Amino acid sequence: MSPTRLLLFGLMAIVLYSSVSLAQDNSQLSLDYYKKSCPDAEKIVREEMECAVHEDPRNAAGILRLHFHDCFVQGCDGSVLLDDTVTLKGEKKASESLNSLIGFELVDRIKNQLESRCPGTVSCADLLAIAARDAVVLVGGPYWDVPVGRKDSKKASLELANADIPTSDEGLVALITKFSEKGLSVTDMVALAGAHTIGMARCTNFKARIYSGDFQQTSHYNPASALYLTKLVSTCPLSGGDDNITPMDYITPTLFDNAFYESLIRGDGLLNSDQEMYSTFIGFESTDLVKKYAIDPIAFFKQFSDSMVKLGNITNPEGGEVRTSCRFVNA
Ligand code: HEM
Ligand SMILES: *[C@@H]1O[C@H](CO)[C@@H](O)[C@H](O)[C@H]1NC(C)=O
């Protein structure tokens, strides 16, 4: 090889090498990912969210939960948004999601706006992460900066959705295990469960607590709970009505605050999984955290923000694409 050729070869090697390491850097999320390609991305999401939450605050809860269910299955990759097709089995029929997840039409609306302003640029996974932050802010919760740069998956996993998403009848050990498998600590879990300060749950998810579980006991000594129990019984009859809904934070159902933790201390947690974090005798750490967030809303807001960034940082190592429609992989 002549010296010039050698030099050229060397240069090419350097260019190749640095583009490879750049690609690796790209898998890390950053705050300025869309700064050049879609500077108004956050503004576009925010406008649609403002409209939707103003119309119905439940929309905030729906979007926040979608982001959680997205990140717990294959990482935050928009997999939760995929519809079933002939060739793809989506996650929408997972036991915790079927007849339960809401907000897909709102996601479509936001995606349409993003596509008309910045075609093929902003991933559905990032859309959800930004919209979840806006949802929280719009109902009175904390603001945090949302790192972006996620890619949308070309696959979904009904099996993982069934296996990994926590359920309301689980005990503390099972819950802690599911979170730790995602790299989230007990502190993250207790703070993130504070999301239940907004939104609704269906009778099917707490009926056992009313008719045979904890509420029967607490009502003996807690007059406030007795009243609450009466209300729950009227919403959820012993037989039927499984899809009737009631707020998880009955004090301030549409406000993102720390009243949810106060209700756990009273024994009025609607979901067994939430009550476990305070009541179970092995839960030293989680009990203390519940007490802390119940008296210190600022500590709760700070931890919730940090834990949401950690939740949103769960990646799908397979990478992916930027979907044009959040419901289908690109043709
Ligand atoms: C700790 C484990 C968790 C369990 C066992 C759990 C379980 C549930 C259940 C059973 C419901 C009611 C669904 C229905 O009845 O249809 C619900 C609703 C909700 N969850 Fe969780 N969840 C957990 C953690 C989280 C996390 C980490 C977030 C978000 C950061 C979240 C956000 C929500 C929201 C906002 C709703 C209300 C949705 C609506 O109103 O449509 N949850 N959750
Ligand atoms: C996000 O994940 C990357 C690894 O993929 C890690 O280096 C970084 O520290 C994480 N950031 C947060 C806030 O957890």
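Residue numbers count from 1 along this sequence. In this text, all values refer to a predicted model and were calculated from it rather than measured experimentally. Ligands are counted one by one from 1 in listed order, and the atoms in each one are counted from 1 as well.
Of the listed options Glu170, His196, Arg65, Arg58, Arg58 places a heavy atom closest to atom 41 (O) of ligand 1. Scanning Gly103, Ala61, Ala135, Gly312 for the heavy atom closest to atom 35 (C) of ligand 1 points to Ala61. Across the listed options Ala201, Ala195, Ala132, Ser273, Ala195 owns the non-hydrogen atom lying nearest to atom 29 (C) of ligand 1. In the candidate list Leu184, Asp306, Asn313, Asn313 is nearest to atom 6 (C) of ligand 2, counting heavy atoms.
The aromatic rings of Tyr293 and Phe300 lie tilted to each other, with the angle between the two planes from 30° to 60°.
The distance from ligand 1 to the heavy atoms of Ser168 drops below 4.0 Å at these ligand atoms: 5 (C), 10 (C). Heavy-atom proximity to Ile102, at under 4.0 Å, picks out these atoms of ligand 1: 41 (O). Listed by number with element, the atoms of ligand 1 under 4.0 Å from a non-hydrogen atom of Pro166 are 2 (C), 3 (C), 5 (C). Atoms of ligand 1 found under 4.0 Å from any heavy atom of Met277 (numbered from 1 in listed order, with element): 1 (C). Per-residue contacts place Met200 under 4.0 angstrom from the following atoms of ligand 1 (heavy atoms of the residue considered): 12 (C), 37 (C), 39 (C), 40 (O). Of all atoms in ligand 1, listed by their number and element, those nearer than 4.0 Å to a heavy atom of Leu271 are 7 (C), 8 (C), 9 (C), 10 (C). If you number the atoms of ligand 1 from 1 as listed, the ones under 4.0 Å from a heavy atom of Gly199 come out as 37 (C), 40 (O). Near Met248, with a cut-off below 4.0 Å to any heavy atom, the atoms of ligand 1 are 18 (C), 19 (C), 36 (C), 37 (C).
Checking each of Arg150, Arg133, Lys111 against Asp126 for a salt bridge (Lys or Arg N to Asp or Glu O under 4.0 Å) leaves exactly one that passes, namely Arg150.
No donor-acceptor pair closer than 3.5 Å links the side chain of Asp152 to the backbone N or O of Val322. Side-chain N or O atoms of Tyr261 include one that pairs as donor or acceptor with a backbone N or O of Ala191 at under 3.5 Å.
No side-chain donor from either of Asp268 and Ser263 sits under 3.5 Å from a side-chain acceptor of the other. Remark: the Asp145 side chain and the Tyr143 side chain contain an N/O donor-acceptor pair separated by less than 3.5 Å. For the 3.5 Å distance criterion, the side chains of Ser79 and Glu91 qualify, holding a donor opposite an acceptor.
The protein atom (non-hydrogen) at minimum distance from atom 25 (C) of ligand 1 is Phe68 CE2, 3.3 Å.
Taking a 4.0 Å cut-off on heavy atoms, Phe179 registers as neighbouring ligand 1.
Under the 4.5 Å side-chain contact rule for hydrophobic residues, Val148 and Val309 share a cluster.
Aromatic rings of Tyr228 and Phe215 (six-membered ring for Trp) have centroids within the 6.0 Å cut-off, being under it.
Lys151 has its side chain out of reach of Asn316: every pair of non-hydrogen atoms, C-beta onward, lies at least 4.5 Å apart.
Contacts between Glu276 and ligand 1 below 4.0 angstrom, taking non-hydrogen atoms only, are absent altogether. When non-hydrogen atoms are compared, ligand 1 lies under 4.0 Å from neither the backbone nor the side chain of Asp274.
Atom NZ of Lys89 sits in a sparse spot, with 12 or fewer heavy atoms from other residues, nucleotides or ligands closer than 6.0 Å.
Geometrically, ligand 1 and Ser100 share a nitrogen or oxygen pair separated by less than 3.5 Å. Remark: ligand 1 and Asn205 share an N or O pair separated by less than 3.5 Å (distance only, no angle test).
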